[in-house]
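Heavy atoms only: backbone and side chains are in, while hydrogens, waters and symmetry mates are out.
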Amino acid sequence: QVELVESGGGLVQAGGSLRLSCVVSGSMFEYYDMAWFRQAPGKEREFVSRIGRSGSQTYYTDSVKGRFTISRDNAKSTMYLQLDSLTPADTAVYFCAADRRGGDWLYSIPEAYAYWGQGTQVTVSS
């Protein structure tokens with residue numbers, strides 16, 4: 001049973017920073033491409049960022065480029081998302097997800113991911 005557990009969310013003022021973590025257990029972490037999604041109240045879940053198995057390939061949605069940084073530590077079975085220069089528009093529940101397909105097609109849609117965490121709330125005040 002693959003389990004993903006996020007942590008690191010919280011309340012922060014605009015311009016502040018947070019670091020989210022996602023720990024994966026129950027399977028070989030390095031076999032998965034990993035991603036972060038977020039979902040704000042009343043909105044659909046949206047893609048934020050993705051990182052390949054080795055950590056060398058990354059993708060970001062345009063609204064977070066230059067502000068968020070995705071990384072992973074395969075030895076610790078952990079993925080990270082560094083959130084800098086936060087704005088109220090970044091307020092959402094952030095989810096980590098694992099893709100076992102072995103390819104990058106349609107990587108920005110939730111259906112590409114087999115496993116999900118429960119989410120961690122990020123709230124940015126103005």
Inset, instruction - Please collect all salt bridge (charged side-chain N to carboxylate O under 4.0 Å, His left out) contacts where either partner lies in residues 105-121, sequence neighbours excluded, each pair once. - result: none
Inset, instruction - Any salt bridge (charged side-chain N to carboxylate O under 4.0 Å, His left out) involving residues 26-36? Give me the pairs, sequence neighbours left out, ordered by first then second residue. - result: Asp33-Arg50, Asp33-Arg53
Side chain to side chain, [X] and [Y], heavy atoms closer than 4.5 Å:
| X | Y | answer |
| --- | --- | --- |
| Met34 | Leu4 | yes |
| Glu6 | Trp36 | yes |
| Tyr60 | Thr58 | yes |
| Leu86 | Phe68 | yes |
| Val24 | Val2 | yes |
| Ser71 | Gln82 | no |

What residues, two or more places apart in sequence or in another chain, satisfy side-chain hydrogen bond (donor to acceptor under 3.5 Å, both in side chains) together with [X]?
| X | answer |
| --- | --- |
| Glu3 | none |
| Thr123 | Gln121 |
| Ser54 | Ser56 |
| Lys43 | none |

Legend entry - Spacing of CD belonging to Gln118 relative to OG belonging to Ser7, to within rounding of 0.5 Å: 13.5 Å
Legend entry - Distance, nearest 0.5 Å, that separates CE of Met28 from CG of Asn74: 9.5 Å
List in chain and number order the residues that pass salt bridge (Lys or Arg N to Asp or Glu O under 4.0 Å) with [X], two or more places apart in sequence or in another chain; answer none if no residue qualifies.
| X | result |
| --- | --- |
| Arg101 | Asp99 |
| Asp84 | none |
| Arg38 | Glu46, Asp90 |

Inset, instruction - Output the rest of the hydrophobic cluster of Val93: all Ile, Leu, Val, Met, Phe, Trp and Tyr residues reachable through side-chain heavy-atom contacts under 4.5 Å, sorted by chain and number. - result: Phe37, Phe47, Tyr59, Phe95, Tyr107, Tyr113, Trp116
If I compare all heavy atoms of [X] with all of [Y], which pair ends up nearest, and what's the gap?
| X | Y | result |
| --- | --- | --- |
| Met79 | Ala35 | CE-O, 3.4 Å |
| Val48 | Leu81 | CG1-CD2, 4.2 Å |
| Ser126 | Pro88 | CB-CG, 3.9 Å |
| Gly9 | Leu20 | N-CD2, 3.6 Å |

Inset, instruction - Report whether Leu83 and Ile70 are members of the same hydrophobic cluster (ILVMFWY, side-chain heavy atoms less than 4.5 Å apart, transitive linking). - result: yes
Inset, instruction - For the pair Thr78 (side chain) and Lys76 (backbone), establish whether a donor and an acceptor sit closer than 3.5 Å, ignoring hydrogens and angles. - result: yes
Inset, instruction - Any disulfide (SG to SG under 2.5 Å) involving residues 13-104? Give me the pairs, sequence neighbours left out, ordered by first then second residue. - result: Cys22-Cys96
Inset, instruction - Please collect all ring-ring contact (aromatic ring centres under 6.0 Å, His included) contacts where either partner lies in residues 12-32, sequence neighbours excluded, each pair once. - result: Tyr32-Tyr115
